[in-house]
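Just so you know, ligand 1 is whichever comes first in the structure, and atom 1 is the first atom listed for that ligand.
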Amino acid sequence: MSSRNVPKLEFSDLSMEFGNLTALSHVSARVEDGEFISIVGPSGCGKTTLLRIVAGLERATEGSARLNGKQITGTGFERGYVFQADNLLPWRTVLGNVLIGIEIRDGSRSRDEIAKALELIRMVGLEGFEGYYPRQLSGGMRQRANIARALAINPEILLMDEPFSALDAQTREVMQLELNRIWQHGKKTVLFVTHQIDEAVFLSDRIIVLARRPGRIREVLDIDLPRPRDLTTKRRPESVDYVDRIWRLIEREVLDSIEEEKANPDKH
Ligand SMILES: Nc1ncnc2c1ncn2[C@@H]1O[C@H](COP(=O)(O)OP(=O)(O)OP(=O)(O)O)[C@@H](O)[C@H]1O
């Protein structure tokens with residue numbers, strides 16, 4: 001088979017059990033090179049679990065996740081991970097944090113790699129802050145540094161787990177625009193988990209909508225909005241229609257999960 005036929009990422013009949021809890025059940029999907037894919041669904045439907053399987057942090061109990069046709073069995077530098085909370089090292093500067101993946105991978109960093117890291121810092125809008133420490137930065141700036149750090153190892157695929165959820169609404173909107181611009185620039189494959197449906201619609205080529213109990217694919221939607229996208233994209237009637245459509249798919253389950261959280265606050 002030619003490499004053109006091998007998807008960047010493929011889930012085949014993947015299931016994940018934690019004891020007697022089925023977190024994911026028979027998930028099959030393919031992600032092509034350079035696609036921006038979001039995963040949305042109610043709380044507890046297995047979004048993070050799916051991302052952790054791709055990261056190699058969890059192993060599916062059944063079925064497989066393949067990267068470039070090869071079964072994922074552990075972590076690897078071809079995958080960059082951006083978590084919900086930034087996990088920058090407080091004793092390292094922005095530049096030091098961005099270089100950390102390279103140092104772990106290679107044991108050192110070359111002058112070229114420092115130049116590339118500085119270029120990434122500029123690209124995420126942190127030029128002039130290279131020597132700042134995390135505590136000297138705002139939440140939005142820290143998350144920009146986090147994205148630069150994930151990109152510094154030049155991963156083939158970027159895994160993003162609610163990266164903007166800790167940000168205020170305006171910073172979040174700016175970061176969505178930035179991520180859209182960065183993606184447009186590098187065309188990396190991105191797997192993006194979010195609770196915010198309009199964010200998923202704005203950024204994605206396709207959206208995987210998961211259902212819960214057990215976590216499974218409810219629907220996969222192509223987001224047929226023109227690119228490049230900007231803030232006006234969000235106000236387009238087609239965008240609003242996509243958001244409504246996805247919301248209707250998950251509304252009942254979201255309301256149920258909120259009720260359950262109210263009834264069992266300790267479990268969440
Ligand atoms: N390590 C684990 N051990 C036991 N159960 C787990 C583990 N990780 C996840 N789960 C359970 O698997 C289910 C799916 O969890 P997951 O975090 O993937 O959902 P999610 O869709 O990302 O949720 P949220 O939107 O609230 O972040 C949940 O019921 C969760 O409690």
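Taking a cutoff of 4.0 Å between a charged side-chain nitrogen and a carboxylate oxygen, E259 and K262 qualify as a salt bridge. The pair D205-R227 meets the salt-bridge criterion, with a side-chain N (NZ, NE, NH1 or NH2) lying under 4.0 Å from an Asp/Glu carboxylate O. Residues K8 and E156 are paired through a salt bridge, judged by an N-O separation under 4.0 Å between the basic side chain and the carboxylate.
Here CZ of F192 is found 7.0 Å from CD of Q176. Values are rounded to the nearest 0.5 Å.
Considering backbone and side-chain N/O atoms, G44 comes within less than 3.5 Å of an N/O atom of ligand 1. The N/O atoms of C45, backbone and side chain alike, include one that comes under 3.5 Å of an N/O atom in ligand 1. At least one N or O atom of G46, backbone or side chain, sits closer than 3.5 Å to an N or O atom of ligand 1. Where the criterion is an N or O separation shorter than 3.5 Å, residue side chain and backbone included, E58 fails it with respect to ligand 1.
Using modelled atom types and a 3.5 Å distance limit, the side chains of E78 and N68 yield no donor-acceptor pair. If you check the side chains of R149 and N87, you find a donor sitting under 3.5 Å from an acceptor.
Contact annotation: the side chain of K188 approaches that of P155 to within less than 4.5 Å [non-hydrogen atoms, C-beta and beyond].
Among all protein heavy atoms, the one lying closest to atom 6 (C) of ligand 1 is F18 CD1, 3.3 Å. In terms of protein heavy atoms, atom 25 (O) of ligand 1 is closest to K47 NZ, 2.7 Å.
The shortest heavy-atom distance from R52 to ligand 1 is not under 4.0 Å. Using a 4.0 angstrom heavy-atom cutoff, E162 counts as in contact with ligand 1.
For atom 31 (O) of ligand 1, no protein heavy-atom neighbour is found at a distance under 4.0 Å.
Heavy atoms of L21 found under 4.0 angstrom from ligand 1 belong exclusively to the side chain.
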